[in-house]
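What you see is a predicted model, and the numbers here were worked out from it, not measured in a lab.
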Amino acid sequence: MSRYTATTPADLQVMLDAIGVGSVQEIFDRQIPAPVRLGRPLDLPAGMPEQDVYEHLRELAQRNVSAEDELCFLGAGMYDHYVPALVDMLMERSEFLTPYTPYQPEISQGGLQVMFEYQTAISELTALPVANASVYEGPSAVASAGYMAWLHNGRSRFVVSAGLHPHSIATLRTYAHGFGVEVVEIPLREGVTDPDAWVQAIDGDVSAVFFAQPNFYGAVEDAAALSAAAKATGGKPPVVIAQVDPLTLGILAAPGDCGVDVAVGEGQSLGNRLDFGGPSFGFFAAREEFLRRMPGRIAGETTDVDGRRGFVLTLQTREQHIRRAKATSNICTSQALNALAGVVYLSWLGRQGIVALGELMLARTHYARQRLTALDGVQALHSVSQPVVREFALRLDADVKAVRERCAAHGINPGADLFALSGREEDRGGLLVAITERRTRADIDRLVEVLGVAVASERQSQAVGA
Amino acid sequence: MSRYTATTPADLQVMLDAIGVGSVQEIFDRQIPAPVRLGRPLDLPAGMPEQDVYEHLRELAQRNVSAEDELCFLGAGMYDHYVPALVDMLMERSEFLTPYTPYQPEISQGGLQVMFEYQTAISELTALPVANASVYEGPSAVASAGYMAWLHNGRSRFVVSAGLHPHSIATLRTYAHGFGVEVVEIPLREGVTDPDAWVQAIDGDVSAVFFAQPNFYGAVEDAAALSAAAKATGGKPPVVIAQVDPLTLGILAAPGDCGVDVAVGEGQSLGNRLDFGGPSFGFFAAREEFLRRMPGRIAGETTDVDGRRGFVLTLQTREQHIRRAKATSNICTSQALNALAGVVYLSWLGRQGIVALGELMLARTHYARQRLTALDGVQALHSVSQPVVREFALRLDADVKAVRERCAAHGINPGADLFALSGREEDRGGLLVAITERRTRADIDRLVEVLGVAVASERQSQAVGA
Amino acid sequence: MSAAVKTPPSGSQLNETPLQREPAVTIFEHGAPGRRAFQCPALDVPAFDPDELLPSHLRRATPPALPEISEPEIVRHYVRLSKRNFDLDSGFYPLGSCTMKHNPRLHERVAALPGHARLHPLQDPARAQGALELMWNLERALAEISGLPHVSLQPSAGSHGELAGVLLTRAYHEDRGEMRHKVLTPDTSHGTNPATVTMAGLQVVALATNPDGGIDLEDLRAKADSDVACLMLTNPNTLGLFDPNIVEIAEIVHGVGATLYYDGANLNAVMGLSRPGDMGFDIVHFNLHKSFTQPHGGGGPGSGPIAVSERIAPYLPVPVIVRDEEGNFVLDHDRFKSIGRLRGFQGNYGCFVRSYAYIRSLGAEGLKDASETAVLNANYLLARLQQEGVAEYLPLAYGELCLHEFVLSGGPMKRELGLKTLDLAKRLLDHGFHPPTVYFPLLVEEALMVEPTETETRETLDAFAAAIAAILREAAEDPEIARHAPYTTPVRRLDEVAAAKHPVIRQAS
Amino acid sequence: MSAAVKTPPSGSQLNETPLQREPAVTIFEHGAPGRRAFQCPALDVPAFDPDELLPSHLRRATPPALPEISEPEIVRHYVRLSKRNFDLDSGFYPLGSCTMKHNPRLHERVAALPGHARLHPLQDPARAQGALELMWNLERALAEISGLPHVSLQPSAGSHGELAGVLLTRAYHEDRGEMRHKVLTPDTSHGTNPATVTMAGLQVVALATNPDGGIDLEDLRAKADSDVACLMLTNPNTLGLFDPNIVEIAEIVHGVGATLYYDGANLNAVMGLSRPGDMGFDIVHFNLHKSFTQPHGGGGPGSGPIAVSERIAPYLPVPVIVRDEEGNFVLDHDRFKSIGRLRGFQGNYGCFVRSYAYIRSLGAEGLKDASETAVLNANYLLARLQQEGVAEYLPLAYGELCLHEFVLSGGPMKRELGLKTLDLAKRLLDHGFHPPTVYFPLLVEEALMVEPTETETRETLDAFAAAIAAILREAAEDPEIARHAPYTTPVRRLDEVAAAKHPVIRQAS
Ligand SMILES: Cc1ncc(COP(=O)(O)O)c(C=O)c1O
Ligand SMILES: Cc1ncc(COP(=O)(O)O)c(C=O)c1O
């Protein structure tokens, strides 16, 4: 017996008798061939009482510098937004935390209705009519959208803006290699997708085109123009897929209103913790015509035998448990609990709040960019007038790694090292700074001060070293 | 509208129309006389968004050194025991967290059954047949027991062992002054209640006698002997009241088995956090004859009209809402949620666990006392052979305040300053050290090391100063 | 929350709901010998001879018969049990005098921060400055809200605050060399008021209520003499009415040298609008678990701070938080006129954290909005319930408008429909509502005391009013339905008489 | 959990339970224009001209129609909604293949520690050493449990692990200059297996099951050729049976140069008792949300780490955690043979924390106890269900004993009692149990797949067996009762056909 099992010696005897065996070992011996039985204990540390496990995990946590411990301007895909307390409490309710996927709708109306509400919220945000109940996370959502496009039109090439998150491009490449589609990357010009290269790359073999809004460098793309260009290349156009940052959609034009066919993205910023990268959720919304090719669970409204309104998992003939090798995706377990957090967060934020929050980020981000680019040795990576919402790219005239270390010594994480992330030569010296509503003006001012000193000191010591 | 209210301008209009007034102000103006209307805004800081309140409260928390931040050997009434995670989750369930006292039993069976289970657990622990559903906390439980004794026999004097927690004695004095009973304190001898003084103080005017088990100095009293002595003084004996530490009752003789009439105490160590002193709960158990004079809520078993087992608040004719001036106590809101934590904790600990935990504390406490009293300049305050369970008193040959500061500089809180707590001259130099199951041998060894150095250094600097 | 006619024959298994079918099984009836959830940390110090450390006559012979049960069983037992409770997060809870307002979860989050939750009460004040500052700030806020300058956070609940208050009054009089014996309190007062007076060794003298629901001034004048120590008043009172004569009342009471005690249970009506201190009160208690969102926990914890005037301040319980010259907060235990301690340590700090978070969330404006909305909601619900089809049976007991709550009389309903207030309350359970407070205050026949609070929506108030109307309509056709209600609750009406007659208050072991 | 005969006329309001009476109202149908829960932090930087910062053609014209609602309304809506879910903390959940074992709350506590929960995924590894050490330790533990030396924690769930696995197999073959096209998998395999193969650009070849429930070796030999990339196997398989020919199977597959993939969904049967690596598998995925207590969350999150043999290791996804000379953990992105990334960042770290806490709680002994008890419980429940009155209708589909789960066939029940497995499942709902998995695996007629897990008590298993027996007895008398079940759930049988025909998958705005 561990603390989670309950078979007393008395229970055991009754149970063995009922089964008709002499020992538990006998049950295994009768079924598992001797050569593959493990004849020794696993080489793992001994079990521990709850308090010792707590202390151990706490000790590990203390060796991480979290956004609770430093002033954190990291973003690049996940953001330190404030998660309201009611999200935690709802996620921790046994009724949401512990059930399986709702296979028995009569006793799963809570979860199913949450999915329905979540789908509605995502549809509203993206201005696209259909949304699923979540996929894993951002980059794999992009790849899944690619797979759907390929199922849709069977063409052989994806055209991808370099403005996509490097993890999204990498994931898309991994997936696409599997189903056999080539991936072509389109460079940026002045921080946004180069419109000429974009148009040139698109032809009748292109299954889908991908861009990000805002893009990886924080810049707002002209989504409508990119979509229109993709659709204007003659013939049946490719599927236009946008990876969008959902929390900017209070102020940025919605993908559905910009000609986008499929909008996917990372849902972490909607009420999910950072958690060192997961679990969060990916969202997936599309035009009506893709409904029966979408991956993942979809909840739909219906009625019960007495006429009561109710919800079920629907369109399951898309799914692996029904269609097996012919399924539109292999996804099974997705991110229901994180999507719950998402819809609760969006309800909390509300129709006005998402605009207000967007405008606050916009203002603070511009303030931060303005002040930072006024520093010696710091400029905008692309253009200082490029529209941005909550993130922007700088170029430092000093070693980024060293500057970041100097800032860390002052309790500040000034942002992500762009080159380390993208590996692109043109990103050398790049620093990607994210400003959430948790970063106040005072915080930004402190960043300006510390980064200014760090860059200056680093340049000096480089000069001395040189 | 704040974020917790929901009256939109449209709502307001409908509501005012229904009421038949022109404004909310009018409702007040028609009822509150002008001279006592507050004609200005309250002088309070402006309201803040949730995230700002969080940051502010976090900042305040960071200016406290908690048992999470240092190695803490403080006890003296509240103890840093491990609270299992399931306690938190159950306390946070809306169904337990947010209801009022169960005035409507049909929809409060959860809370009522918890009370019934809690009462059972307290009865089992104390070996006394009746227990209420909780009182505020330890010291006021002692005072309430005194009030009950006085209601019972109307006599004029309380005899109190100096081994009671100073807060209990002080609280008893405050209450007793109200209902007019004199409090006489009996000194200790070698760390426990002086048996001779105890017997001498008890006569026919004594309403109740009080001792603590283990006492404030950590020493185990001979409870049976104290009770027997009180009852052997001839005539109708006084009520024997013991303040007991519930977590020692796995290994210490139960009050009910020692002739105690009323056992009360502080329940914090049973699954409640430290919370800088509250909320926790007080428990209250007694012999059958006191049932109808007990303070507080009591849940009782009964059946519903269909014959189903159910629970109700019972014996309410004791209580203020029924009996008003004739009630046996004024208590109304008590500590239901904390008592829930108590019974969940006791279930978690279990019949064997409470013994095992007691024995672990016993062993570690003796180890700690042995090692600490072997240090130069450190001895047992009373006797090194006095039985103790999880706490013991030392005398330092150095200024306690200064030694504690030195330890704090090394991240150790070596225990409570006895003199500061009791104000008793004989406690000068006293340090009260508590050892819970969270303090490992390694922790104790570190305490030995740091305290040893601290005492030595302090003696040296005192010697130099002298 | 819609109505449903459901009149199955009592006891019929056919109509049991899932929760009704689940028999009540206690934690002591679960588990099996040898099971456990707790795994004891290893013995890491030398083993010992128990008899040497603890002589056998001090030892327990047989362990207490606590449950023997695995962790999953505990979780399941209590989670299932929780579902047998109605709660504020799930439904409307207009329990009069209880201020069942929304409990923001932010408060649970901040109270759980280890710097608050794992702070030992005996931590040196120098290393608990955050906690003491929080308490100081809360004291200042409560002082401002009440209009009384000095605050002690120590009392554990309202009734504990009352005890503090009456003892303070005694101490004040005693210090002036007077032993006064009487405490006046209106017949509408809460039971804790008279019970407290007795506990504090004084005698209660009840004051009559005038036809407007306020204190009968004649009666007050007649009873106010130099043996009166104090008048205890709730204002607005338990009828939800603000005493229009409060200024005069204060004059009379002060005129005989007595103090005025304000039972702050109804403070939610007047935050930022009117202050007890300005009304002439000397002592106020707050119920942090009512006005200031500490969750009620099914009967606590609460917290009952008190605020007092200058003349009462010397007697406040110890310790008192003071700020030294350097701006540090310290605990002052050395106050020779103090009534002493009312409990251990510094009070229910966890509640302070929550209420402080609330006050900082709302600020001056938000607190005023809370009271205004509470009063608006009460008056709106009152208006809805005074519409045709209800007012005939459930007239307002006193006055026309109300503040944060109101009291209806079920007298006409009882006489004309044969329905007692209890029946109405029980039938409301089938509609998914927690009933109002019933049969209090005592002077109202078949009283129904309704406090909606500010955190409810208009839609909810409408639904509640509709449910009351529906029950009355149903009763006009067939009063038997409500008389046997509820039908859909985990258990139905319980035999309270049997419970009190042969009390079974613990599981037999 | 006792049985109740309840056969009210469908649709009759008289017999509605409280939850049935509550109409489903969505969050979008609550609230009112202007209400809000969010209070935006103050603009503390200079105000700006929006058009300057964000040209209007990039701006949104009308805000998304999100709810407008106060905080108390949100809380109440979702708390009420939660009560329309059945959950593991409240009842038995023997869903086959899903391993619904107890989710210790300790795991939620440690995962919520800010050092884990607020750690940014791009934090410099030097300042995330605790997290990387945790991941490293978890990798080592999973390697030991599976008997395969190299682990990637990256995949987000079982099916994601499968995709990784098939892509790894491809990469392995491609690196050797081979393009193999076929993947073998038995007809008992989970749907994710064939779906994954397709996604990875390969073709599924189904293997027959022999009469003992294992792989038909003849069929395997016939199909195993040099175009086979991989065999995907679940062992014990979805019948709860360990393939007795596993050694031979591995030989055959390896003999044609293909790899063996182990679907670890059923690992809970064999922890500490038998290891995929020792059976000859090259690649294994784990479902941390099954064997390792990550709560299922109503459909995720999960986590699907993979463990692989030496020959597969070079192709593992990037980044890989390595330990440098000084003992520090770093992320290695530079692995030229890697299949690349499967997702952003480092995987579902929050799940790693929970599963790591579980492994450290149980240790080697506890994990073995878990599997032993899971198998004991399954066999006991099977024995109880093979007693008189049940076995006739619900015989075991294959074998005599089982490992952690077993599959009954409802064929006889359907033929003799006129009850489909679906009806039995729905009637179980009225008894307060979550039904087993139904109609899977496909090769068993009217399949009922039961996995009790190790954290259930004997009493619960007895109660479940009794419920099944009671339903069968009831059906023998009147099969109509079960055919229209459930009766007591928040809603009754739902029209899934209509839902799929005219999909309404969002609230109309
Ligand atoms: C008017 C009034 N006074 C006093 C009290 C007692 O408060 P507490 O329950 O906090 O002791 C109450 C509580 O119901 C009350 O309504
Ligand atoms: C046998 C088997 N394989 C694979 C899976 C897929 O796992 P996941 O849901 O984590 O993607 C499942 C889940 O039900 C399963 O039972």
Side-chain angles (χ1 to χ4, degrees), chain A residues 2 5-6 15 18 41-42 44 46-47 57 60-61 63-68 74 94-95 98 101 106-107 109-111 120 124 136 139-140 167 170 174 178 273 275-279 300-302 304 306 309-310 314 320-321 324-325 327 330 333-337 347-348 351 353 356 367 441, chain D residues 11 24 37-38 40 44-45 64 66-67 81-82 84-89 110 113-115 117-121 127 130 156-157 159 191 194-196 200 204 242 295 297-302 340-341 343-345 348-350 363-364 366 373 379-380 383 457-458 489 491-492 499 504 506-507:
Chain A
S2 74
T5 52
M15 295 169 84
L42 288 172
L44 292 175
L57 275 283
L60 289 171
R63 285 198 279 119
N64 299 324
V65 180
S66 80
E68 194 103 352
L74 284 170
S94 300
E95 292 86 341
T98 68
T101 300
E106 297 88 348
I107 51 168
Q109 286 299 297
T120 304
E124 285 295 343
Y136 302 134
S140 57
H167 292 177
T174 305
R273 334 194 272 218
D275 273 343
F276 200 45
E301 188 176 331
T302 187
D304 81 353
D306 296 336
R309 183 186 193 182
T314 194
Q320 45 75 27
H321 61 290
R324 299 180 65 85
N330 71 338
T333 294
S334 58
Q335 309 287 137
L337 191 67
S347 302
W348 178 78
R351 183 182 185 130
Y367 173 77
R441 176 185 187 148
Chain D
F38 172 66
C40 194
D44 52 2
V45 296
L66 297 177
L81 212 46
S82 77
R84 300 171 88 84
N85 265 1
F86 185 92
D87 68 288
L88 177 60
D89 281 351
V110 293
L113 290 169
R118 281 190 75 192
L119 182 60
H120 195 283
R127 282 185 279 279
S156 309
S159 68
T196 298
V204 177
F242 197 96
R341 278 195 165 273
R343 53 162 289 161
F345 307 114
N348 284 342
Y349 177 77
T373 308
N379 280 281
Y380 175 69
T457 61
R458 178 163 71 91
T489 48
V491 295
R492 300 184 53 221
V504 178
R506 55 154 298 176
Q507 178 94 36

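Taking both residues in full, the closest heavy atoms of A:Phe276 and D:His120 are given as CD1-O, 3.4 Å, listed atom of the first, atom of the second, then distance. For the residue pair A:Glu106 and D:Arg492, the shortest heavy atom distance occurs at CG-O, 3.5 Å. Nearest heavy atoms, A:Ser66 versus D:Arg118: CB-O, 3.3 Å. Of all the heavy atoms in A:Ser94 and D:Asp89, the pair that sits closest is OG-OD2, 2.6 Å. What you find for A:Thr98 and D:Asp87 is that their closest heavy atoms are OG1-CB, 3.3 Å. Heavy-atom minimum distance, A:Ala6 versus D:Thr457: CB-CG2, 3.8 Å.
With chain D as partner, the option from A:Ala46, A:Ser347, A:Ser140 having the largest number of non-hydrogen pairs under 4.5 angstrom is A:Ser347. Chain A forms the most heavy-atom pairs under 4.5 Å with one residue out of D:Gly350, D:Gly298, D:Gly340, and that residue is D:Gly298. Taking chain D as the reference chain and counting heavy-atom pairs below 4.5 Å, the highest number among A:Thr314, A:Leu74, A:Thr101 is found for A:Leu74. Per-residue counts of heavy-atom pairs under 4.5 Å with chain D were compared for A:Ala325, A:Pro139, A:Ala356; the largest is that of A:Ala325. Contact tally against chain A (heavy-atom pairs below 4.5 Å) for D:Thr373, D:Val204, D:Asn379: the top residue is D:Asn379. Ranked by heavy-atom pairs under 4.5 Å with chain D, the list A:Glu301, A:His321, A:Gln335 is led by A:Gln335. Of the listed residues (A:Glu68, A:Arg324, A:Arg63, A:Arg273), the greatest number of heavy-atom pairs within a distance under 4.5 Å of chain D belongs to A:Arg324. Contact count against chain A (heavy-atom pairs under 4.5 Å) is highest for D:Ala364 among D:Ala383, D:Gly366, D:Gly302, D:Ala364. Per-residue heavy-atom pair counts under 4.5 Å with chain A were compared for D:Gly363, D:Ser159, D:Ala37, and the maximum is reached by D:Ser159. Between chain A and the residues D:Ala200, D:Pro67, D:Ala499, D:Ser82, the largest count of heavy-atom pairs under 4.5 Å involves D:Ser82. If you tally non-hydrogen atom pairs under 4.5 Å between each of D:Pro295, D:Ala195, D:Ala157 and chain A, the highest count goes to D:Ala195. Listed options A:Ala327, A:Ser334, A:Ala18, A:Gly300 were ranked by heavy-atom pairs under 4.5 angstrom with chain D; first place goes to A:Ser334.
At least one side-chain heavy atom of D:Pro301 sits under 4.5 Å from a side-chain heavy atom of A:Leu337. A heavy-atom distance below 4.5 Å is not found between the side chains of A:Glu124 and D:Gln507.
Both the backbone and the side chain of D:Thr196 have a heavy atom closer than 4.5 Å to some heavy atom of chain A.
Judged by distance alone, the side chain of D:Arg127 and the main-chain N or O of A:Val65 form no donor-acceptor pair under 3.5 Å. Proximity of a side-chain donor or acceptor of A:Asp275 to a complementary backbone N or O of D:Tyr349 within less than 3.5 Å is not detected. Looking only at distances, a side-chain donor or acceptor of A:Arg309 sits under 3.5 Å from a matching main-chain atom of D:Ala24.
Remark: of the listed residues A:Asp306, A:Asp304, A:Ile107, A:Thr302, A:Asp304 is the sole one forming a side chain to side chain contact (heavy atoms under 4.5 Å, CB included) with D:Val491.
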